[in-house]
Each structure stands twice: as C-alpha cells, then as structure tokens.
Visitor: 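Submitted below is the structure of interest, expressed as structure tokens.
No experiment lies behind these values; they were computed from the predicted model shown. Convention: sequence-line order gives letters A, B, ...; per-chain numbering from 1.
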Amino acid sequence: MICSPKLLLLHCMDLVKYYNPRIVEDKWYQYWMENGYFDSVPDEREPYTIVIPPPNVTGVLHMGHMLNNTIQDVLIRKARMEGKNACWVPGTDHASIATEAKVVKMLAEKGIKKTDISREEFLIHAWEWKTKYGGIILDQLKKLGASCDWKRTRFTMEDELSKAVTTVFIKLYNDGLIYRGTRMVNWDPAGKTTLSDEEVIFKETNSNLVYVVYPFTEETKSSAAVTGKGLVVATTRPETIMGDVAVCVHPDDERYKHLIGKTVMVPVVDRVVKIIADTYIDMEFGTGCLKVTPAHDENDYRIGEKHQLEIIDVLTDDGRIDARAGVYVGMDRFACRKQIIKDLEEKGLVEKIEQIRNTVGHSERTDAVIEKKISTQWFVNMQEFMRRYPQVLTSVMEEEIRFYPSKFKNIYRHWMENVKDWNISRQLWWGQRIPAWYNSTGEYVVSATELEAIELFRKRGQTYDPGELEQDPDVVDTWFSSWLWPISVFDGFSDDKDDKKDYRYYYPTNDLVTGPDIIFFWVARMIMAGYAFNGQKPFSNVYFTGIVRDKQRRKMSKSLGNSPDPLELIDTYGADSTRMGLLLSAPAGNDILYDEAQVEQGRNFCNKIWNAYRLIEGWNVVPDEQAKPEVLTSAELAHKWFEMKYQAAVNDIHEAFADYRLSEALMNTYKLIWDDFCSWYLEMLKPEFGEPIHKSAYEKVKTGFGNVLKLLHPFMPFITEELYHVLHNWNVSRPLIVSDYPKTGTTEPVNDAALGIISEIRNIRNSKGLSPKQAFDLIIMTKDETAYRKWEFVISKLANISSITYNASRPEKGFSGLIGTDEFHIPYAEQIDEAEERKKMEEELDYLKGFLKSVDAKLGNERFVANARPDVIEKERKKKADAEEKIKKLLEALGSQLS
RNA sequence: GGGGGCUUAGCUCAGCUGGUUCAGAGCAUCUGCCUUACAAGCAGAGGGUCACUGGUUCGAACCCAGUAGCCCCCA
C-alpha cells in the first residue's frame with residue numbers, strides 16, 4: 001500500500017508553531033522506497049555512481065558512518081535531481097578478523113572453544129551470527145535518509161564476490177605477482193594470525209630499557225684485554241634472550257673493536273655466542289651493543305641473514321614461551337619479561353634499568369602487542385605490481401583521479417614509493433580460502449578447484465594422490481576482497497552475466513567518500529585493482545572525510561562515553577537536523593568537532609523554514625486588480641531582486657559543489673533561505689496585518705520557495721519533500737527527490753544599494769534607544785533619485801518611514817549618515833546629543849582623510865602607476881574620487897550644523 | 001629518523017592566479033525588542049598587529065627563508 005503522507009500532516013501539523021520531524025521523516029522514506037526512486041537500472045542517461053565503503057557486517061552505526069553517508073547521500077541526491085542515473089550501491093564487508101573475533105567471543109560465552117570444533121562447525125556458527133546481526137547497520141542508514149539502491153545490496157563474502165577473489169588470486173599468481181614465501185611477518189598472538197603492515201598500529205609506550213650483562217667467556221678473557229664482567233646490552237625485550245644468537249657492535253666503535261670475533265655468554269641459557277660487527281648498529285643507542293635475535297626482530301633478522309646466524313623462535317603462536325627456549329616454557333611473554341629481569345637481577349647481571357618512550361606495534365583489531373615472526377605466507381609482490389601498472393601512481397599524481405583535499409596526493413605517493421610486499425594470508429576461518437592445493441610432499445598448485453589442481457599436478461608430472469590433496473587452510477586478508485568492490489558489485493568478474501551490462505554502464509564509478517584512515521588499506525588498493533584487472537581507474541574523485549571528534553578534539557570512543565548514539569540523535573532532532581549539524585563544520589579532510597549545538601542549529605533552521613511556510617499559507621489571496629499600484633510595482637521589484645540573489649547563490653553553490661566544499665554549499669543555501677528569502681524577500685512582500693496578498697505575488701513567492709527547497713533537498717531531504725508537497729497542495733508532477741536541481745545562469749542585475757539605508761536607520765534607532773514603532777521622515781541627498789524612488793515602498797515599510805523627500809535642505813536637528821556617497825538625514829528635534837553626533841562625524845572624517853592619504857600616496861607612486869594592472873589603478877582612482885566626495889559631504893554637514 | 005600539513009575574531013573555519021574603503025562567514029557574546037510566520041525568533045552592535053622574524057615586490061594573510069608551537073602519516 002502506498003502510504004498517505006497528506007493525512008498525517010493535516011491531522012498533526014496544522015497550525016503548529018514547531019516543525020516536527022517525527023511525523024514527517026519515516027513516511028517519506030517509505031514513499032521514496034515504494035515508488036522506486038532509489039533504484040537504478042542502466043538506461044540512456046549519464047550514470048552517476050557511488051559505491052558505499054562497506055561497513056563491517058556486524059557493525060553498528062557510529063558518528064563517522066553518519067558523516068560519511070550523509071555526504072554520499074548529498075552527492076547522490078544532487079546527481080539524481082540533475083537528471084543523471086544515480087546509483088548508490090550499499091553493502092557490507094565480512095571483516096574477516098573482526099568478525100571472527102566476535103564469533104569466537106560469542107562462542108566462548110556459550111562455553112564453546114574454537115579449538116574444540118571443526119572449521120565447518122565454526123563457519124556454521126559464523127553464518128548464523130551474520131544472518132542475525134548482519135546488516136543492522138544498513139537499516140540504520142535508512143533512518144538517516146540514505147537513498148541507496150537497496151536492491152543492489154552486496155556482501156563481500158557472498159558466492160559471486162568470493163569467486164571474484166579466487167579468480168583474481170589465480171590471475172595474480174599466474175602473472176607472477178603473488179608468491180608464497182618465508183618472510184618476517186607481523187603476528188597477532190591474540191587473533192593468532194598474521195597481519196599486513198597496515199594493520200599494525202604503532203603506539204608510543206613507556207618501556208623499561210634493561211641493561212643486561214652478557215658475561216665474557218673464559219676464552220675471551222684469556223685472549224683480549226677486557227674490563228668488567230662482560231658486554232652490556234640494552235634491551236626492551238629481555239624475554240627474547242633465549243633466542244639470542246650473537247651480540248653485534250659497530251665496526252668503528254673504539255670501545256668494542258678489539259672484541260669483534262670474541263665470544264660472550266647469553267645469560268639465562270648460557271649459550272656461547274660470537275661478537276659480530278655491522279654498520280647497522282647505532283653507537284649512540286644504549287651501550288652500542290645489540291643482542292641479535294633474528295626470530296623476533298626485523299633488523300636482527302637482516303643481520304642474521306647477512307651473518308648466517310641460526311634462528312631460534314622462542315615464542316608460541318599465542319605469545320607464550322616455547323619449548324625451544326628451554327626455560328620459562330609456557331609462561332606468558334609479559335610475565336616472563338618480569339621474571340627474567342628479577343632472575344637476572346638476582347644473579348647480578350642487570351646493570352641498570354632506564355625508562356624510555358618507544359613505539360610498540362599493536363594489532364588494529366585485537367590491540368594485542370604484535371610479534372615479528374618468521375613465517376611462510378602468501379604475498380603480493382608490490383614492487384613488481386607497481387612496475388607493471390605505473391598508472392596506479394601516475395593517475396593520482398596527474399589528477400586523473402582527484403583527491404579532496406589534495407594533500408593526500410603526496411601521502412599517497414610516499415606510501416607507493418616505499419610500499420613493501422603485501423602479506424595476504426590470514427590464519428583465520430572466516431573469509432575466502434586461499435586457492436592453493438598441496439600434495440603429500442608439500443608441493444602446491446594454485447587453482448580454483450581440487451579437480452583443476454589435480455590436472456595441474458598431472459601436467460607437471462608431480463604426485464597428486466586423488467582425495468589427499470589439501471587446500472591451504474588460510475584465508476585471504478579482508479582487503480583482498482574489498483579492493484575489488486567497485487568492480488565486483490557490478491559483477492565485473494563474472495563471465496556469465498548478461499554481457500556485464502551493469503559493469504559496462506556504471507564502471508568506473510564517479511565519487512568515493514571515505515576516511516583517510518583507510519587510504520592505504522582500501523583506496524590505494526582499489527586503484528591497484530582497477531588498473532590491474534580492468535585497465536581503468538575505479539573512480540574519478542575521492543573525498544576524504546575527517547574524523548568525528550568531540551568539541552575537545554578527542555576521538556569519539558565508547559570508553560570516554562563522548563559518542564552520541566546516532567539513532568537517539570535522529571529521534572530527538574530529526575535526520576535533517578542531524579545531517580545539517582554534521583555537515584556544517586565538515587570541510588573535506590578536516591576533522592569535524594561534533595557539538596550538539598550544531599544539530600540544534602539544524603533544528604532551528606527546519607523550524608525557520610516551517611514557519612516561512614506557515615506565513616505564506618496563512619495569506620489571503622486576491623486578484624491583482626484589487627492591489628494598489630505601488631504594491632504591484634514594489635512586488636515586481638522584490639521578485640527581480642530575489643531572483644538575482646537566488647541565481648547568485650545557485651551559482652556559488654554549484655561552484656562549491658564542483659570543489660567538493662559541501663559545508664560551504666550548505667551554508668550558502670542556509671543564508672539564501674534565512675537571510676535573503678525570509679528576512680528580506682518575505683518581509684518586502686508581507687502584507688500589512690489583515691491585508692490580503694495579490695495573486696501574482698503569491699504565485700511568485702511559492703515558486704521561489706519551491707526553488708530554494710530544491711536547492712536544500714540534497715542536504716535536508718525530508719522537510720523539503722514535505723513542504724514541497726504541502727506548498728503545492730499535494731499536486732506536483734514529480735516529487736522533489738526527482739525534480740530538477742536549479743541550474744547556473746545569469747539574471748538582470750538590480751541596483752539594491754538603496755537598501756543599505758534600511759540597516760542604517762535601524763542602527764540609528766537601536767543606538768538612540770528609539771522604538772521601531774516611531775515613524776521617521778527621511779531626506780535623501782542624491783544625484784540619482786530613481787535608485788531610491790523605486791525602493792521607496794520597501795524602505796518605508798522595513799525602516800518605518802512616513803515620508804521621503806529628496807535634496808531638501810539639511811534639517812536643523814536630526815540624525816544623518818552616508819550610503820555610499822549619498823547623504824541622508826532624519827529630522828529629529830528632541831533629545832539629541834549634538835556633540836555626540838559631531839564626534840561621530842568627525843571620526844568618520846578623520847578616517848576618510850587618512851584613507852585618502854594612502855590612496856593618494858599609491859597613485860602618486862610612479863612605480864605603482866607603471867606596474868599595476870590598469871583595472872587596479874582604475875579602482876584606486878574610483879576610491880580617491882569617492883573618498884573626496886564623502887569628505888566634501890561631511891564637511892558640508894558639519895558646517896551646516898556649526899552655523 | 002623520513003614524509004605531509006596546520007597556526008586568521010571567544011570557538012569552528014573561508015579567504016581561488018599577491019591589488020574592491022588595510023580581512024569574511026556560522027556559532028557564541030553584548031544591547032534593545034513577547035513587532036499577529038518563527039523568542040528554536042526579530043533588529044542592531046562589538047570583537048582580529050592574519051604565530052613570530054627577516055626577505056622579494058609599487059603593493060603580502062597570500063610568494064621565499066628562518067624561528068616557535070600543534071596535528072597527521074610512515075619507519
């Protein structure tokens with residue numbers, strides 16, 4: 001059933017002073033949905049496409065999503081109104097490690113351990129969980145007004161998208177861009193999986209730098225001049241001592257030169273190791289002696305490789321001491337660190353302990369401290385990738401893909417130029433399994449199915465015992481599926497879908513809106529995928545939003561409790577107000593400092609618009625013939641004036657949109673409606689109390705109102721749709737969501753300099769404490785009477801003026817001022833502080849004289865006249881003439897008062 | 001350590017290729033108004049040595065160099 005928005009309004013809203021979003025928003029969302037306005041299918045129109053950054057499938061809406069999706073909705077709604085075939089594809093990400101962690105936790109609460117169940121059983125639980133909680137976030141987006149094509153909702157782990165992952169993996173492997181290798185990787189002991197470099201967050205931490213004595217061996221003591229018990233090594237990681245295989249010093253270090261090649265004992269395990277030399281060593285740090293632990297540190301690993309040292313991994317996958325260490329076996333790594341320090345102190349092998357600040361890597365998802373570890377994993381060869389697809393970098397640098405703000409270009413380049421191989425295998429179950437198959441001797445092939453694997457083994461002449469091939473147990477990094485998102489949501493990888501009609505029509509997409517925190521995780525990799533798999537960019541513009549913070553600039557976080565619940569906010573203030581509150585202070589790339597006051601501003605704005613409607617709706621309309629002639633002409637001028645203001649604003653708004661300055665576009669719209677439309681235009685036309693309005697003016701106002709609603713619709717879709725309908729008595733050919741967005745253009749200029757007199761007069765009233773109800777007479781001294789005459793009606797009404805005369809003699813007593821170079825006077829006999837009036841005029845005069853002096857100096861400067869552009873010189877001449885004119889007027893006025 | 005960026009009104013930000021009467025906006029503040037659309041409002045006002053120092057230029061918030069402070073990213 002199509003809902004009936006009209007009835008609701010009439011029952012609840014008639015005559016109410018305050019706008020109530022609650023009875024408006026849901027019904028319009030439902031109306032748009034039921035009428036298919038969000039849906040998109042390829043046609044002859046120009047497409048405009050955005051793919052949503054897929055939120056985690058088990059996520060809930062937070063302020064960051066609100067901002068991000070509001071921006072996307074603004075862009076998509078504007079494009080839709082501009083007649084483009086707007087397509088916003090929603091969906092969710094399976095978020096491998098994050099979701100798996102949640103499922104593991106949920107199972108643990110039920111008393112089920114992941115290690116006690118099979119992969120298949122685990123996946124059943126995981127899918128159940130996904131079905132239950134997955135997509136809640138998408139429903140929440142509907143409350144915000146997000147006009148996604150929900151029929152196109154995708155999930156990164158659905159069959160079609162998983163197939164794409166496999167296809168891409170195999171292609172890259174066959175192209176020599178994916179390899180399996182043994183490397184030092186990041187290990188998350190909590191998630192028990194490897195992580196890419198991007199998933200490691202470095203945090204500054206207070207650490208103990210322990211100075212440990214490595215005693216000299218008898219051999220060393222006897223063969224070299226030694227002082228002290230042994231070499232002192234400074235380390236923050238004493239628990240890895242059991243993995244030490246050497247001590248390294250700088251070859252030029254005078255302190256240790258004579259010891260190179262000698263030996264020391266590794267404490268705790270009493271292993272004899274060599275003292276080696278390498279220029280890698282920083283002589284300044286600690287004692288200049290480094291304990292070499294190739295299994296647990298990247299640099300140590302390189303030194304180990306160079307000097308062909310043994311690798312002793314002393315940690316288990318869950319961060320305990322491994323049996324290989326020989327001591328402290330089974331103890332947690334951090335407990336072990338404390339215990340070893342204690343034990344070494346007892347043996348007198350700790351020289352001192354210093355407090356230092358260092359950076360420690362943490363898992364992005366589990367927050368566990370990352371261990372470096374040697375492991376056999378799958379990698380994407382990035383150097384080679386970039387060599388083959390240089391457009392990945394050049395497209396951004398040459399702005400074929402534009403970044404907003406552009407500062408991210410350099411950040412992007414820096415990353416691209418220093419990028420390391422991408423570790424894509426994860427020791428998890430929730431995700432796309434790596435399409436590699438191993439035979440009983442550990443040889444492997446890469447293929448989509450076991451049958452194809454057998455075929456490959458056969459061709460190679462390797463054993464392939466049918467039924468005994470084993471698929472790699474690991475899954476790929478989540479981002480190895482989401483980098484395909486702009487292609488895969490349009491089935492760009494599937495060969496059997498209607499000629500890839502959607503793909504050809506919608507791809508490449510237009511705009512991507514995302515946070516800068518995933519520029520490397522996702523944006524960079526989508527660009528890589530775009531060029532590698534399709535030879536095209538995936539999108540033309542990337543809008544980086546800021547991070548939503550509270551007004552003290554703290555990040556929103558659960559523990560601080562400073563993050564408002566977006567749904568409560570919408571419930572309290574309405575989606576329109578919330579959207580406006582977020583957008584107001586959100587220039588691209590700037591952090592947005594969330595303050596509820598801004599949402600209140602949004603609410604106040606809604607109310608303002610609502611009341612503008614109430615005013616218009618309350619007018620009694622009569623035919624034009626019944627209106628006074630001066631009212632008719634004045635109204636005509638007001639229409640022209642507003643048309644000019646409106647068109648100028650439209651042009652500004654288009655310009656702001658072109659540069660993705662959305663908050664500016666919104667602010668322009670806000671000021672157009674509040675100031676120009678409500679404060680000026682409506683006040684110009686508003687009939688005296690009890691008087692009717694003539695029909696042509698009424699119609700013009702309605703048209704103007706409709707137009708500003710159109711401008712505002714992308715930002716505040718609900719209230720605008722509502723008012724657009726009530727304004728037109730529910731009789732509109734197309735609802736606002738698919739109506740036409742105002743276009744740029746030119747209008748006849750209207751000289752409105754005379755209006756400045758209104759503010760001047762109001763100011764005089766205010767500063768003299770005179771009531772606005774007290775009418776004034778006005779004398780204007782001008783060469784151009786017509787400029788004022790046509791505004792007489794408006795001036796009289798808005799400044800409460802009872803009579804206007806031109807170029808009459810100056811009054812004896814009264815107030816005066818300047819509008820441009822025109823002088824005006826208000827005769828006022830009582831209670832005037834003449835001295836004060838004179839003082840004001842003299843101050844003005846002083847300022848003008850000083851100003852004139854500086855302009856004269858400029859014009860008198862030969863080099864200025866010779867070098868400045870002609871139009872600049874012309875402006876200066878005009879300034880000079882104006883200043884002289886004003887000074888003359890002021891002197892005259894002062895003189896007349898003197899006499 | 002490497003890279004990017006910022007510093008303009010009480011707050012948040014504009015200020016596009018140096019040149020409108022030596023800087024604009026929103027919010028906040030202050031003053032006066034319950035004026036028949038709106039007090040969630042109306043009218044008006046105040047508030048800035050454009051971080052600092054030097055340079056280039058006829059002319060600098062804007063270009064250059066240095067100094068100080070802050071933020072982000074990477075190792």
Visitor: Rounded to the nearest Å, what distance is computed from the CZ atom of residue A:Phe408 to the C1' atom of nucleotide B:G3?
Guide: 13 Å
Visitor: Counting side-chain heavy atoms from CB outward, which of B:A40, B:A25, B:A43 is closest to A:Tyr18?
Guide: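 The answer is B:A40, which lies nearest to the side chain.
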Visitor: What is the base-pairing partner of B:U57, counting Watson-Crick and G-U wobble geometry with both distances under 3.5 Å?
Guide: none
Visitor: Looking only at the side chain of A:Asn410 (C-beta and beyond, no hydrogens), which of the listed nucleotides B:A25, B:G4, B:G19 gets closest?
Guide: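 Between B:A25, B:G4, B:G19, the one nearest the side chain of A:Asn410 would be B:G4.
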Visitor: Is it the case that B:C38 (base atoms only) and A:Lys608 (side chain only) share a donor and an acceptor within less than 3.5 Å, ignoring hydrogens and angles?
Guide: yes
Visitor: Report yes if a side-chain nitrogen or oxygen of A:Arg762 is closer than 4.0 Å to either non-bridging phosphate oxygen (OP1 or OP2) of B:G44; otherwise report no.
Guide: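 Answer yes for this pair, as a side-chain N or O of A:Arg762 is under 4.0 Å from OP1 or OP2.
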Visitor: Would you classify A:Phe605 as touching base, sugar-phosphate or nothing, given that sugar-phosphate means primed atoms plus P, OP1 and OP2, and contacts are heavy atoms under 4.0 Å?
Guide: nothing
Visitor: Partner of B:C42 by Watson-Crick or G-U wobble geometry, both contacts under 3.5 Å, or none?
Guide: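 Per the H-bond distance test, B:G32.
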Visitor: For the side chain of A:Asn607, starting at C-beta, report the closest nucleotide among B:A37, B:A40, B:G19.
Guide: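 Of the candidates, B:A40 comes closest.
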Visitor: By the 4.0 Å heavy-atom rule, please label A:Ala612 as base, sugar-phosphate, or nothing.
Guide: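 Answer is base: heavy atoms of A:Ala612 come under 4.0 Å of a base.
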Visitor: Given the C1' atoms of B:U31 and B:G47, what is the spacing between them in whole Å?
Guide: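 Taking atom C1' in both B:U31 and B:G47, they lie 15 Å apart.
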Visitor: Can you tell me if A:Lys17 touches the phosphate of B:A39, counting only side-chain N or O atoms and a distance under 4.0 Å to OP1 or OP2?
Guide: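 Yes, within the criterion.
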Visitor: Say you pick atom P in B:G10 and the same atom in B:G3; how far apart are they, in whole Å?
Guide: 35 Å
Visitor: Going through the distances and angles, do A:Thr293 and A:Tyr301 end up as a side-chain contact (heavy atoms from CB on, under 4.5 Å)?
Guide: CA-CA 7 Å; A:Thr293 323; A:Tyr301 177 69; over 6 Å; no
Visitor: Looking at B:A14, which nucleotide sits across from it as a Watson-Crick or G-U wobble partner, both distances under 3.5 angstrom, or is there none?
Guide: none
Visitor: Applying a 3.5 Å limit to both distances, which nucleotide forms a Watson-Crick or G-U wobble pair with B:C6?
Guide: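 Partner of B:C6: B:G69.
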Visitor: Within the 3.5 Å criterion, strictly below it, is a donor on A:Asp676 or A:Tyr646 matched to an acceptor on the partner's side chain?
Guide: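 Side-chain D/A pair, A:Asp676 to A:Tyr646: absent.
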Visitor: Quantified in whole Å, what is the C1' atom distance between nucleotide B:G41 and nucleotide B:U35?
Guide: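 About 11 Å, rounded to a whole number of Å.
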Visitor: Is A:Cys606 touching bases, backbone alone, or none of the nucleic acid, heavy atoms closer than 4.0 Å?
Guide: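 If one applies the 4.0 Å heavy-atom cut-off, A:Cys606 turns out to touch nothing in the nucleic acid.
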Visitor: Contact class for A:Asn418 vs. all strands (heavy atom < 4.0 Å): base, sugar-phosphate, or nothing?
Guide: nothing
Visitor: For the side chain of A:Ile411, counting heavy atoms from C-beta on, which of B:G26, B:U12, B:C73 is nearest?
Guide: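 Shortest atom-to-atom distance from the side chain points to B:C73.
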Visitor: In whole angstroms, how far is the P atom of B:G1 from the CD atom of A:Glu298?
Guide: 21 Å
Visitor: Do A:Asn299 and A:Tyr280 have side-chain N/O donor and acceptor atoms under 3.5 Å apart?
Guide: yes
Visitor: Give A:Ser771 one of three labels, base, sugar-phosphate or nothing, depending on what nucleic acid heavy atoms sit under 4.0 Å from its own.
Guide: nothing
Visitor: From the options B:C58, B:A75, B:U35, select the nucleotide whose nearest atom is closest to the side chain of A:Lys420.
Guide: B:A75
Visitor: Nearest-Å distance, OH (A:Tyr19) to C1' (B:A39)?
Guide: 21 Å
Visitor: When rounded to the nearest Å, what value does the distance between P atoms of B:G15 and B:C71 take?
Guide: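 It comes out at 23 Å once rounded to the nearest Å.
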Visitor: If you assign A:Ala883 and A:Gln598 each to the RNA chain B nucleotide with the nearest heavy atom, which residue ends up on the more 5' nucleotide?
Guide: A:Gln598
Visitor: Can you check whether A:Leu672's main-chain N or O pairs, donor with acceptor, with A:Lys645's side chain at less than 3.5 Å?
Guide: no
Visitor: Which whole-number value in Å describes the distance from A:Leu723 CG to B:A37 P?
Guide: 17 Å
Visitor: Taking the six-membered ring for Trp, are A:Tyr698 and A:Phe705 closer than 6.0 Å centroid to centroid?
Guide: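 That pair fails the under 6.0 Å test.
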Visitor: Using a 4.0 Å heavy-atom cut-off across all strands, classify A:Lys686 as base, sugar-phosphate, or nothing.
Guide: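 A:Lys686: base contact, heavy atoms under 4.0 Å.
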Visitor: For A:Glu683, answer base if it contacts any base atom (sugar-phosphate contacts may also be present), sugar-phosphate if it contacts only those atoms, and nothing otherwise; contact means non-hydrogen atoms under 4.0 Å.
Guide: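 If one applies the 4.0 Å heavy-atom cut-off, A:Glu683 turns out to touch a base.
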Visitor: Rounded to whole angstrom units, what separation is found between the CD1 atom of A:Ile609 and the C1' atom of B:A37?
Guide: 13 Å
Visitor: Which whole number of Å gives the distance between the C1' atom of B:G26 and that of B:C70?
Guide: 24 Å
Visitor: Side chains of A:Lys372 and A:Asn186: is there a donor and an acceptor less than 3.5 Å apart?
Guide: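 Distance-only check passes for A:Lys372 and A:Asn186.
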Visitor: Step by step, would you call A:His250 with A:Thr279 a side-chain contact (heavy atoms from CB on, under 4.5 Å)?
Guide: CA-CA 5 Å; A:His250 196 283; A:Thr279 49; 4.0 Å; yes
Visitor: Expressed as a whole number of Å, how far does the P atom of B:A9 sit from that of B:G24?
Guide: 14 Å
Visitor: Taking only the C1' atom of each, what is the distance from B:C62 to B:U57 in whole angstrom?
Guide: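 The same atom, C1', in both gives a distance of 13 Å.
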Visitor: What does B:G1 pair with, Watson-Crick or G-U, if both distances are under 3.5 Å?
Guide: B:C74
Visitor: Any base atoms under 4.0 Å from A:Glu600, or only sugar-phosphate, or nothing? Heavy atoms, all strands.
Guide: nothing
Visitor: At under 4.0 Å, does any side-chain N or O of A:Arg863 touch on OP1 or OP2 of B:C58?
Guide: yes
Visitor: Can the ring centres of A:Tyr543 and A:Tyr404 be said to be less than 6.0 Å apart?
Guide: no
Visitor: Measuring to OP1 and OP2 of B:A40, would you say a side-chain N or O of A:Asn604 lies under 4.0 angstrom away?
Guide: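 So the side-chain polar atoms of A:Asn604 never come under 4.0 Å of the phosphate oxygens OP1 or OP2 of B:A40.
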Visitor: Name the nucleic acid region contacted by A:Arg603, choosing base, sugar-phosphate or nothing; use a 4.0 angstrom heavy-atom cut-off, strictly under.
Guide: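 The answer is base, as A:Arg603 lies within the cut-off (heavy atoms under 4.0 Å) of a base atom.
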Visitor: Would you say A:Tyr670 places a side-chain N or O within less than 4.0 Å of OP1 or OP2 belonging to B:C27?
Guide: yes
Visitor: Starting at NZ of A:Lys407 and ending at P of B:C73, how long is that distance when rounded to a whole Å?
Guide: 11 Å
Visitor: Using both distances under 3.5 Å as the test, list the Watson-Crick or G-U wobble partner of B:C22, or none.
Guide: none
Visitor: When you measure from the centre of the six-membered ring of A:Phe776, is the NZ or CZ of A:Arg765 closer than 6.0 Å and no more than 45° off the axis?
Guide: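 Flagged: A:Arg765 positioned over aromatic ring of A:Phe776.
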Visitor: Rounded to whole angstroms, how far apart are CE on A:Met397 and P on B:G4?
Guide: 11 Å
Visitor: Under 4.0 Å, heavy atoms only, any strand: does A:Lys768 hit a base, just the sugar-phosphate, or nothing?
Guide: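 Nothing, no heavy atom under 4.0 Å.
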Visitor: Which part of the nucleic acid, if any, lies within contact of A:Ser679, taking any heavy atom under 4.0 Å across all strands shown: a base, the sugar-phosphate backbone alone, or nothing?
Guide: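 Since only primed, P, OP1 and OP2 atoms lie under 4.0 Å of A:Ser679, the category is sugar-phosphate.
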Visitor: Using only side-chain N and O atoms of A:Trp674, determine if any of them is under 4.0 Å from OP1 or OP2 of B:C42.
Guide: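 Yes, A:Trp674 has a side-chain N/O under 4.0 Å of OP1/OP2 on B:C42.
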Visitor: Output the rounded distance in Å from CH2 (A:Trp415) to P (B:A75).
Guide: 10 Å
Visitor: Which nucleotide, B:C27, B:G19, B:A37, lies nearest any side-chain atom of A:Asn611?
Guide: B:A37
Visitor: Are A:Tyr412 and A:Phe408, when compared by the centres of their aromatic rings, separated by less than 6.0 Å?
Guide: no
Visitor: Regarding A:Asn763, tell me which of base, sugar-phosphate or nothing describes its non-hydrogen contacts under 4.0 Å with the strands shown.
Guide: sugar-phosphate
Visitor: Identify, between A:Thr359 and A:Asp675, the residue whose nearest nucleotide on RNA chain B lies closer to the 5' end.
Guide: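 Per heavy-atom nearest nucleotide, the more 5' residue is A:Asp675.
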Visitor: Expressed as a whole number of Å, how far does the P atom of B:C73 sit from that of B:G59?
Guide: 43 Å
